[in-house]
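Following: one structure in structure tokens, then a few remarks.
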Amino acid sequence: MAASAAADRAAVPTAPERIVIENCAIATVDADGTEYASGHVVLAGNRIEAVGAGRAPEDLENVVRRIDATGHLVTPGLVNTHHHFYQWLTRGLATDHNLFDWLVALYPTWARLDEPMAHAAARGSLAMMARGGVTTAADHHYIHPRGAGDLSGAIIRAARDMGVRFTLARGSMDRGESDGGLPPDFAVESLDDALAATEATVREHHDPSFDAMTQIAVAPCSPFSVSTELMRQGAELARRLGVRLHTHGSETVEEEKFCHELFGMGPTDYFESTGWLGDDVWMAHCVHMNDSDIAAFARTGTGVAHCPSSNARLAAGIARIPDLLAAGVPVGLGVDGTASNESGELHTELRGALLVNRLGAHREAALNARTALRLGTHGGARVLGRGAETGSLEAGKLADLVLWRMDTLAHSSIADPVTALVFGAPAPVTASFVNGRQIVEDGRLLTVDEDAVARSTRDEARRLARITAGRG
């Protein structure tokens, strides 16, 4: 009898530990844009249990921590939809080039990448984003030099250690210079090797579960570095394995000219001909799109990763984000690689997206503060196929959120906290939670030693430079 009673008690599930955050402004970024001037968020394990006005109930059980967030704005964690982590080692180079010239200048260096370099660069990229409020990140890694080691594994390991929710877009290139592409021949894979390695990465690392910390996408690099057969077979592979697809699209006028010369059609028509439009696809940049292109993206649900700083850095142009949004196209924000966005931060892209788009045809009506915040949160989650799980503060969603301090000199005189966050200086991050685990406190990472990350990235950047220069 006693043994049976003990077994019954053991079978009762343990109540999740709760964290209560209260006395803060809240921008939920839900479908209705619900906001609270002073409210609370309750985390239970790795989920959001409740969001509401006023203080949280006092009689909640198993509360392990109460955070008085007076003076703060709480938002969903930021979602970065496009990055190239490895470029952390080549920041500040080719600073006065357009995209094609920039690629030609840097490919010979990138082709010397190895596993320790990839790991260090991923740690640097992730650390910079995470301390600035990013809770979910995507890395498009397409450089796989022969004999470089397990680059995908190194990047995934870095994200796991950092505690950031992560999508690795396993990229590939098989069109080298001898086939009319931009990368040197020694920097590309064969068609068969690229497909086999991509499939192996998906099977080893992709987690399809609701609270997955690691997911994989199939991601041939771009029309000018990838054969048509790799595009077609890559799309077929992704759909057979049930994962998403990612690539670069319509980034520059040079790319559009390249596609017309090589394929007899523009980038969007080419993508559609190879199976690369659909609600399981997102593309980076999408700067040079006509009305027909936008309509095709809207019709198919194809997503866009908007990278305003990189587009400006490489003089690519201003993407038609207001028109894409008006058509119903899913749009998120991306840092892009830190060789074309040296800051490596996403929270500054909220402001950048708003300001850059106001230079376009829609002028002051292009974007407002809340649209910019939505791009950086729920918009990005939707682009990555995770809109049901993260990107807004709603009961049942994953506990990915950020506490921005808004009562310092930088923001205290701006009455509206969302306006302060987007229009103002970069706001300090007091706390950032991913999957219910705090990874940032008072602007410092809790999961890694930032100074050690800085040293390792400096050392690996110098080693890469020596190898490229032929000095070993």
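All residue numbers refer to positions in the sequence shown, counting from 1.
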List the atom of [X], the atom of [Y], and the distance in Å for their closest heavy-atom pair.
{"X": "L89", "Y": "A461", "result": "O-CB, 3.6 Å"}
{"X": "G387", "Y": "H378", "result": "O-NE2, 3.7 Å"}
{"X": "V281", "Y": "R239", "result": "CG2-NH2, 3.6 Å"}
{"X": "S209", "Y": "R386", "result": "O-NH2, 3.8 Å"}
{"X": "S343", "Y": "M128", "result": "O-CG, 3.4 Å"}
{"X": "L346", "Y": "G334", "result": "CD1-C, 3.8 Å"}

Do the non-hydrogen side-chain atoms of [X] and [Y] ever get within less than 4.5 Å of each other?
{"X": "F166", "Y": "Q215", "result": "no"}
{"X": "V164", "Y": "T136", "result": "no"}
{"X": "E254", "Y": "L99", "result": "no"}
{"X": "V453", "Y": "D449", "result": "no"}
{"X": "M231", "Y": "F271", "result": "yes"}
{"X": "V331", "Y": "I321", "result": "yes"}

Suppose we screen for salt bridge (Lys or Arg N to Asp or Glu O under 4.0 Å). Which residues come up paired with [X], at least two apart in sequence or across chains?
{"X": "D336", "answer": "none"}
{"X": "R313", "answer": "E342"}
{"X": "R320", "answer": "D291, D323"}
{"X": "E256", "answer": "none"}

**Request:** Decide side chain to side chain donor-acceptor pair (under 3.5 Å) for S190 and D192; before the verdict, give the C-alpha distance in whole Å, the side-chain angles of both, and the deciding distance to 0.1 Å.
**Result:** CA-CA 6 Å; S190 70; D192 291 341; 5.8 Å; no
**Item:** Trace of the side-chain contact (heavy atoms from CB on, under 4.5 Å) decision for T81 with L333
**Value:** CA-CA 6 Å; T81 61; L333 293 181; 5.5 Å; no
Spell out, as yes or no, whether a donor-acceptor pair under 3.5 Å connects the side chain of [X] to the backbone of [Y].
{"X": "D185", "Y": "S178", "result": "yes"}
{"X": "S125", "Y": "A122", "result": "no"}
{"X": "D139", "Y": "F85", "result": "yes"}
{"X": "R358", "Y": "L367", "result": "yes"}

**Residue pairs, two or more places apart or on separate chains, that pass side chain to side chain donor-acceptor pair (under 3.5 Å) and touch residues 422-441** = N46-N435, R65-Q438, H72-T430, R165-N435
**Request:** Could you note down all residue pairs passing side chain to side chain donor-acceptor pair (under 3.5 Å) where residues 93-112 supplies at least one of them, sequence neighbours left out?
**Result:**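 Sorted result for residues 93-112: T90-W110.
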Got a second to check how far [X]'s [atom1] is from [Y]'s [atom2], nearest 0.5 Å?
{"X": "M406", "Y": "C24", "atom1": "CE", "atom2": "SG", "result": "12.5 Å"}
{"X": "T135", "Y": "D400", "atom1": "OG1", "atom2": "CG", "result": "4.5 Å"}
{"X": "R47", "Y": "E389", "atom1": "CZ", "atom2": "CD", "result": "9.0 Å"}

**Prompt:** So, do H285 and H288 have ring centers that fall under 6.0 Å from each other?
**Reply:** no
**Y142 ring center within less than 6.0 Å of H140 ring center** =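 Ring centroids of H140 and Y142 are less than 6.0 Å from each other.
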**Asked** salt bridge (Lys or Arg N to Asp or Glu O under 4.0 Å): which pairs involve residues 120-134, sequence neighbours left out?
**Response**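 Listed once each, the pairs are R131-E450.
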Quiz question: by atom type and distance under 3.5 Å, do the side chains of [X] and [Y] form a donor-acceptor pair?
{"X": "H82", "Y": "H306", "result": "no"}
{"X": "S225", "Y": "S222", "result": "yes"}
{"X": "D30", "Y": "S392", "result": "no"}
{"X": "T371", "Y": "N368", "result": "yes"}
{"X": "T228", "Y": "Y270", "result": "yes"}
{"X": "W404", "Y": "T75", "result": "yes"}

Can we say [X] and [Y] salt-bridge, meaning some charged N sits less than 4.0 Å from an Asp/Glu carboxylate O?
{"X": "D114", "Y": "R463", "answer": "yes"}
{"X": "E199", "Y": "R203", "answer": "yes"}
{"X": "E189", "Y": "R170", "answer": "yes"}

**Message:** Test of understanding: with side-chain hydrogen bond (donor to acceptor under 3.5 Å, both in side chains), list the residues that count as partners of S227, not counting sequence neighbours.
**Reply:**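 Here the qualifying residues are D174.
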**Sequence-distant partners of R462, side-chain hydrogen bond (donor to acceptor under 3.5 Å, both in side chains), two or more places apart** = none
**Message:** Let's go through D207 and T214 carefully: what are the C-alpha distance in whole Å and the side-chain angles of both, what is the deciding distance for side chain to side chain donor-acceptor pair (under 3.5 Å) to 0.1 Å, and is it a yes or a no?
**Reply:** CA-CA 6 Å; D207 180 358; T214 304; over 6 Å; no
**Request:** Would you please name every residue forming a side chain to side chain contact (heavy atoms under 4.5 Å, CB included) with V188, sequence neighbours left out?
**Result:** M173, P183
Only distances under 3.5 Å count here; give the side-chain donor-acceptor pairs of residues 146-155 to other protein atoms, sequence neighbours excluded, each with its distance to 0.1 Å.
unit_1, atom_1, unit_2, atom_2, d
D150, OD1, G153, N, 2.9

**Message:** Run the ring-ring contact (aromatic ring centres under 6.0 Å, His included) test on H248 and H84 for me, step by step, so that the C-alpha distance in whole Å, both residues' side-chain angles and the decisive distance to 0.1 Å come before the verdict.
**Reply:** CA-CA 12 Å; H248 295 90; H84 306 296; 5.1 Å; yes
**Message:** Would N341 and T338 count as a side chain to side chain donor-acceptor pair (under 3.5 Å) here? Give the steps.
**Reply:** CA-CA 4 Å; N341 180 0; T338 50; over 6 Å; no
**Message:** Could you go through V434 and M213, starting from their C-alpha distance and side-chain angles, then the distance that decides it, and tell me whether this counts as side-chain contact (heavy atoms from CB on, under 4.5 Å)?
**Reply:** CA-CA 9 Å; V434 182; M213 292 297 291; 4.0 Å; yes
**Asked** Does anything in residues 205-240 pair up under ring-ring contact (aromatic ring centres under 6.0 Å, His included), and if so which pairs, sequence neighbours excluded?
**Response** F100-F224
**Asked** Do V79 and L384 pass the side-chain contact (heavy atoms from CB on, under 4.5 Å) test, and can you show the C-alpha distance, the side-chain angles, and the key distance before you say yes or no?
**Response** CA-CA 9 Å; V79 178; L384 296 183; 3.7 Å; yes
